[in-house]
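What follows is a set of notes on a single structure, which appears directly below.
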Amino acid sequence: MISKGKMGILPAALFLLLLVAMAGTPAPFIETEFGGASIEIAADRAWVLLPQGCVTISWDLEGILSIYIDGQGKIGWGEMIYCPSIDASSPVFDITAENGQLRAYELNIRYLPAAVAQSLVLLCLISPFLIASFYLVTLRMTDPIPLNASPVLALLALSLFLALVQTVQAYTIGSLLGGLGNVFTTRAWQSFGLVLAGLVFIPLVFAYCSQGIRQRRRADILVIGVFFVFILLLYLPYGFDSIAQYEEWVKRAFLEGRPSRISREVLVRFFLLLADTLAEALDPNSFVGFHLLNILMFCGKLTLFYVILRRLRVDKLSAFITTIVFMVYPVNASLLSLRSFSLSFSLLTLLAAINLALDYLQKPGRLTLLRLWLALILTLFIYETAFVIILVAPLLWLLRGPRKTWQNFNMIVIWYLVPALKIVYLLVLASAGLRFYGIQYVVSAVSVDENILETVIYYAGVIADVYRQTVWDGWREAIAVMGENTYVAHTLMAVGLTAIVMALLAIDKRASALPSRRAAMFWLFGGLIFILPSIGVGMWIDKYHTEFWRLYVYVPFGASIALFGLLLLLTEPIRRSRIRKTLVIVASLLLILPATSRLFVQHAYFDDRANAKASILLGIVEQVPHYDSNARLVLVSDVSLGKLSELGIDELWSHMFDSAIYLLYGEGRPAVSSLCILGEACSTNDIDESLRYLDADTDYSDIVIFRLNHDLSVELLPELPPELGGSSNDSYNPGRLIDTSAPIPPRALTMLASARRASANP
């Protein structure tokens with residue numbers, strides 16, 4: 001074992017080496033020529049060691065038009081005192097030569113406080129990996145953490161080493177993160193993420209399947225099979241080739257090379273496109289892969305949730321009923337929309353992480369530990385909605401017992417390493433000044449002049465509204481829309497199959513009795529309390545209060561448990577087990593029936609909206625199958641944005657329209673596409689925001705205009721409409737920008753297959 005004295009040698013040696021390296025760093029000097037200009041810039045030293053320390057900079061330039069130092073205009077020669085800061089340690093020279101060439105030069109001055117700060121920030125990012133390495137090597141579970149000076153000295157040595165690197169190659173956290181951002185946005189990185197996901201799920205599926213077969217768990221295997229059939233019944237009436245809604249167009253176009261604001265989102269959620277990448281690989285020419293993967297994710301979520309309940313010693317019947325309610329719970333209004341694609345995958349990885357944590361508690365192993373961390377990384381770096389759920393998840397093994405203090409402590413540390421990494425990463429992004437998706441929605445503190453009591457009352461109202469929406473409104477809506485369900489037979493088949501399995505589990509001779517009164521109360525109150533962390537920080541963000549598809553994706557965790565606990569309490573006075581089970585089954589089915597019916601109505605709703613957008617896109621593609629590469633496509637309409645929403649096509653107002661055109665046309669695509677509301681504004685897109693509105697003075701020489709009518713028909717305009725000046729503006733000439741004789745792009749035929757069938761059979 002290394003003594004403290006020997007451990008202290010390394011930091012001392014690194015500190016001396018750092019001093020020598022700083023003393024030996026040559027003073028920065030730039031001598032170059034460009035565009036007829038000769039440049040000489042120098043500083044009197046390389047390092048500024050103390051706060052408020054300064055360096056003398058001189059410059060001598062010939063053959064220049066202008067020089068700016070950090071934005072301040074200067075003459076061609078001179079000298080200045082420059083005092084670096086944490087935010088800016090090196091001045092930037094912007095020089096324009098006589099021939100008009102402009103170049104920027106940065107004089108590399110090292111500022112020790114900035115180098116130390118950068119090293120400490122980087123150390124914070126590295127620390128979770130160091131702690132993880134410790135647990136991976138030692139597999140420590142029942143022993144206390146060794147408390148001595150060695151870890152402190154090791155961290156000190158590492159921070160000195162990181163500062164020493166600055167003497168060789170200066171770096172900033174912003175530049176490091178920028179480089180990572182370039183990696184995260186590549187298809188290769190997402191493919192690597194799929195490999196990591198395979199390491200999580202493939203062994204998990206193999207282990208649970210082999211265990212079920214080996215232990216002859218026929219009932220559990222039957223239950224999992226029913227989950228698959230249940231989900232399949234939800235999909236069969238609508239097929240698998242309907243087009244996507246919104247994000248899938250944008251993400252897919254981004255994966256194929258179209259610039260997008262998603263690049264900022266991926267900087268935070270750098271595995272965000274994992275499921276999209278896999279879906280595209282399954283079928284690159286349609287959205288079938290998205291639907292197939294959606295089915296698999298639904299089945300996986302139900303299976304893993306059921307397995308967790310069974311591992312927590314819940315009987316088969318209770319676990320099955322709770323899992324079915326978890327599936328159909330009427331809160332998330334976009335459960336069957338592909339908008340929930342990434343959220344569903346994040347939820348799936350969270351369930352896998354919980355199962356792996358239970359595996360590790362039962363039998364610690366390095367591969368299990370690595371896969372546990374991988375699952376949590378995927379969960380939080382696909383979407384961070386599960387953050388608060390992850391924070392409270394240790395209650396599963398803390399309450400499960402038996403009480404093992406150090407085992408619980410070590411498991412909590414292991415579990416919290418990835419959330420800690422995510423928090424540090426977000427703080428580093430914010431401190432580096434890098435823009436990323438959602439930063440404008442960060443929760444703000446209560447202002448000084450705001451009444452604290454009013455704030456408490458406000459958020460109490462938000463919490464009450466959350467429970468109203470999750471406990472009451474969803475069921476009321478489910479019952480109200482039962483009459484709109486046009487697939488009653490499929491609904492009855494799904495509910496009937498569920499009823500048969502419930503009956504089989506109830507009469508199984510090896511079946512356990514239903515949970516006791518005490519357990520039922522624990523289910524009820526535990527589930528109700530669990531609703532709040534299921535919503536997470538979203539409840540504090542005003543923007544999310546109406547976005548149920550994002551806000552309530554995790555609510556069924558607690559809500560389904562609470563609902564089943566309530567059924568158990570209501571039937572608890574009945575002493576005969578068979579009668580009690582029968583009443584629980586009947587009551588469950590009465591709740592499951594309208595909820596399942598609502599899923600069919602919801603699926604039809606999103607399918608109709610998708611087909612409405614598809615019919616518009618098809619009308620454009622059929623009339624003009626090929627564009628000049630410089631053409632701009634504009635879809636104009638006098639339909640208001642509110643009416644667009646009623647018609648189910650409001651997503652076209654966003655950059656979904658541009659993404660869809662990009663994907664459908666391939667090489668014959670226009671340069672950019674926009675939807676413009678006549679007399680108002682044009683939609684924005686990710687690569688060209690110069691077209692903000694249209695009027696009679698607009699230059700239409702590179703624009704091709706289609707008109708969207710109130711019946712959603714689309715027509716190519718051979719001349720400008722009166723609202724845009726008509727014949728008074730003669731710059732419009734779409735004929736020279738399009739080729740109407742070209743064949744329809746092959747991808748449009750497959751991506752819009754459902755719309756083509758609908759138009760052929762009105």
Side-chain angles (χ1 to χ4, degrees), residues 125-126 128-133 135-137 177 179-209 251-252 254-255 262-263 265-282 289-290 292-294 296-297 299-301 303-304 307 341-360 364-387 389-390 393 414-426:
L125 280 173
I126 295 174
F129 294 99
L130 297 177
I131 299 172
S133 300
Y135 277 100
L136 193 63
V137 171
L177 293 175
L180 287 175
N182 293 333
V183 173
F184 297 156
T185 55
T186 62
R187 185 189 295 265
W189 173 260
Q190 301 301 325
S191 300
F192 171 68
L194 289 177
V195 174
L196 298 181
L199 294 176
V200 171
F201 287 105
I202 293 175
L204 200 66
V205 171
F206 178 79
Y208 288 169
C209 287
K251 292 176 183 176
R252 188 155 180 172
F254 175 71
L255 282 171
I262 291 178
S263 58
E265 185 174 358
V266 174
L267 187 61
V268 180
R269 304 163 177 164
F270 49 72
F271 285 127
L272 175 70
L273 304 176
L274 226 59
D276 302 80
T277 304
L278 179 55
E280 181 190 19
L282 292 174
F290 284 83
L292 292 177
L293 189 56
N294 213 27
L296 292 176
M297 286 196 294
C299 295
K301 288 186 295 184
T303 299
L304 291 175
V307 169
F341 205 60
S342 297
L343 284 168
S344 293
F345 197 44
S346 179
L347 190 154
L348 181 66
T349 55
L350 173 60
L351 290 168
I354 294 173
N355 272 289
L356 287 166
L358 295 175
D359 286 341
Y360 188 74
R366 290 183 177 85
L367 287 178
T368 304
L369 187 55
L370 281 173
R371 290 168 54 225
L372 165 60
W373 283 327
L374 280 178
L376 286 173
I377 287 172
L378 292 173
T379 300
L380 287 179
F381 287 95
I382 291 173
Y383 224 95
E384 60 278 349
T385 308
F387 206 94
I389 288 274
I390 289 175
I414 287 170
W415 183 261
Y416 283 166
L417 282 176
V418 175
L421 174 64
K422 176 79 175 188
I423 291 174
V424 173
Y425 182 71
L426 290 176

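- N294 is not listed as a side-chain neighbour of F290, based on a closest heavy-atom distance of 4.5 Å or more.
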Checklist entry - What's the verdict on side-chain contact (heavy atoms from CB on, under 4.5 Å) for L376 and Y416, showing C-alpha distance, side-chain angles and the deciding distance? => result CA-CA 9 Å; L376 286 173; Y416 283 166; over 6 Å; no

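- In this structure, the separation between NZ on K251 and CD on E265 is 6.5 Å, given to the nearest 0.5 Å.
- Looking only at distances, no side-chain donor or acceptor of W415 sits under 3.5 Å from a matching main-chain atom of L372.
- In this structure, F270 has its ring center under 6.0 Å from that of F381.
- With rounding to the nearest 0.5 angstrom, the CD1 atom of I126 is 12.0 Å from the CD1 atom of I131.
- For the atom pair CG (L274) and CZ (R269), the distance works out to 14.5 Å, reported to the nearest 0.5 Å.
- Side-chain atoms of K422 never come within 3.5 Å of backbone atoms of I377 as a donor-acceptor pair (strictly under, hydrogens ignored).
- Residues L255 and E280 come closest through the heavy atom pair CD1-OE1, 3.9 Å.
- Taking all atoms of both residues into account, the shortest heavy-atom contact from A386 to T379 is CB-CG2, 3.8 Å.
- L204 is listed as a side-chain neighbour of R371, based on a closest heavy-atom distance under 4.5 Å.
- Across all their heavy atoms, V266 and Q190 have their closest contact at CG1-NE2, 4.3 Å.
- The nearest pair of heavy atoms linking L272 to I382 is CD1-O, 3.4 Å.
- Between the CG atom in L378 and the CG atom in L199 there is a gap of 9.5 Å [rounded to 0.5 Å].
- Counting only distance, with no hydrogens or angles, the side chain of S133 and the backbone of F129 share a donor-acceptor pair below 3.5 Å.
- Considering only heavy atoms from C-beta on, N355 comes within 4.5 Å of Y208 through its side chain.
- In terms of heavy atoms, G198 sits closest to P203 at O-CD, 3.4 Å.
- Taken to the nearest 0.5 Å, the CZ atom of R252 stands 10.5 Å off from the OG1 atom of T277.
- Atom CG of residue L293 and atom CG of residue L282 lie 6.5 Å apart, to the nearest 0.5 angstrom.
- Of the candidates F184, W189, F345, W189 is the only one forming a ring pair (Phe, Tyr, Trp, His ring centres under 6.0 Å) with F271.
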Item to check | F201 vs L374, side-chain contact (heavy atoms from CB on, under 4.5 Å): CA-CA, chis, key distance, verdict | outcome: CA-CA 10 Å; F201 287 105; L374 280 178; over 6 Å; no

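- Taking 4.5 Å as the limit, some side-chain heavy atom of L380 sits within range of a side-chain heavy atom of P419.
- Across all non-hydrogen atoms, the minimal contact from S342 to Y383 is CB-CD1, 4.5 Å.
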